[in-house]
Amino acid sequence: MSIRHGLLALLERGPRYGYQLRAEFEDSTGATWPLNIGQVYTTLNRLERDGLVHPLPENDGGQRPYEITDTGRTELALWFATPIARADRPRDELAIKLALALTTPGVDVAAVVQTQRTATMRALQEYTRLKRADADLPWRLVLDAMIFQSEAELRWLDHCETALVRFRPAPPAPLPVRDETPSTTRETQG
Amino acid sequence: MTAILELREVHRTHGKGEAAVHALRGVTIDVQAGELVAVMGPSGSGKSTLLNLAGGLDSPDSGEVLVEGRPLSSLSRKELAGLRRHSVGYVFQALNLVPSLTAAENVALPLELDGVSARKARPLAEAALAEVELSGYADRFPDEMSGGQQQRVAIARALVGQRRLVLADEPTGALDSQTGEAVLRLLRARVDAGAAAVLVTHEARHAGWADRVIFLRDGVIVDTSGPLARPEQLLEATA
């Protein structure tokens, strides 16, 4: 997801100026993605450069609205039609952290799992609390997405924990000794 | 804040000798009025034992369980049965509805067992059914209702009268996610109205409705997830 496509989607509803775009963007993502006004104007400039929006004359209040162009509409339609690829998402730091915890001496992996579980559960509780307080459907769906993601993470942590219980690290294998003497090799193997 | 349920250093072992299972080992919990506490943990972690002890269906080997400030160990069997009927509501995964009784009769059952006349119990049962949005279903038998409706009858039975403590063991059972959520909303509403509730669940999404989540492992509380000190940090984190 880019701010770029978010702004194009808002401009598809009709011309808007920077502050309106920021307010509507935050409304439609339930304020989970705060934008600063500088980001909005930088993005509008790039959209204008790429021919996806064009500026209208300033209104009486000195605000300059932008409207979406046909190229912008095509770009927006393409965005809606294209699934988000897993590879486009940031790498999962948690998975990497656990993999490293497992192979780093002296790390209590079960504690790493539980610390994460509590933190994720706390987030899930908070998303649920927000959902209880608000009946607005778009916002509820955004929260549901975060709730399901947290739930998936908790399930994965349970899975990791179960695997850990069964995991018995192999006794440290002796480093291979390069010894060319045939008799020694036979003794070692025997 | 008033603790409706207190467990103090509770130990409970099932079985003896080599077959002994230490279901709970020194568990201490307070559940206040207006608080929903979820208990999570793998199978065999002691969740159900905890719920049974909280409801006076089982007693600890050592430690104390108090409901509304009264130590359960100090109550006679008769007093304990009375407490279970009028202060504690249970929702179990197995709904335990009596098939030969209508929805209203099922809901009125704990009141009648408590000595309330059938004539007085009926309007209370109907009010509890209305609370779970089952007005008009009072005279249906369990087998004339869907799984979700039966589940709501069981919830109404747990909430009928003014129960101060609600104990729920996987109350959403195998319900679809929307119906399951409706059940949790009901539980939450009752808690927000002043009851205390303990919800045992393996569904993180359901535990999300709780004010506190307690993680049990091998009969010991390993962690507790309370409210966030600064919830807005979540929004910053996803930005």
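All values reported here derive from a predicted model rather than from experimental measurement. Every chain is numbered from 1, with letters handed out A, B, ... down the list of sequences.
- Side chains of Arg117(A) and Met40(B) form no contact here, defined as non-hydrogen atoms less than 4.5 Å apart.
- The line from CZ of Arg212(B) to CE of Met121(A) is 13.5 Å long, rounded to the nearest 0.5 Å.
- Contacts of Arg188(B) with chain A are made by side-chain atoms alone, with heavy-atom separations under 4.5 Å and no backbone atom involved.
- Enclosure of atom CZ in Arg155(A) is not indicated, since only 12 or fewer non-hydrogen atoms of other residues, nucleotides or ligands lie within 6.0 angstrom.
- Comparing Leu184(B), Val213(B), Asp211(B) by heavy-atom pairs within less than 4.5 Å of chain A, the highest count is held by Val213(B).
- Minimum heavy-atom separation, Gly208(B) to Thr128(A): O-CB, 3.3 Å.
- Heavy atoms from other residues, nucleotides or ligands lying under 6.0 Å from CD of Glu58(A) number more than 12.
- The number of heavy-atom neighbours closer than 6.0 Å to CZ of Arg46(A), taken from other residues, nucleotides and ligands shown, is 12 or below.
- Taking CG of Asp223(B) as the reference point, atom CZ of Arg122(A) lies at 7.5 Å (rounded to 0.5 Å).
- Here CD of Glu203(B) is found 11.0 Å from CG of Leu154(A). Values are rounded to the nearest 0.5 Å.
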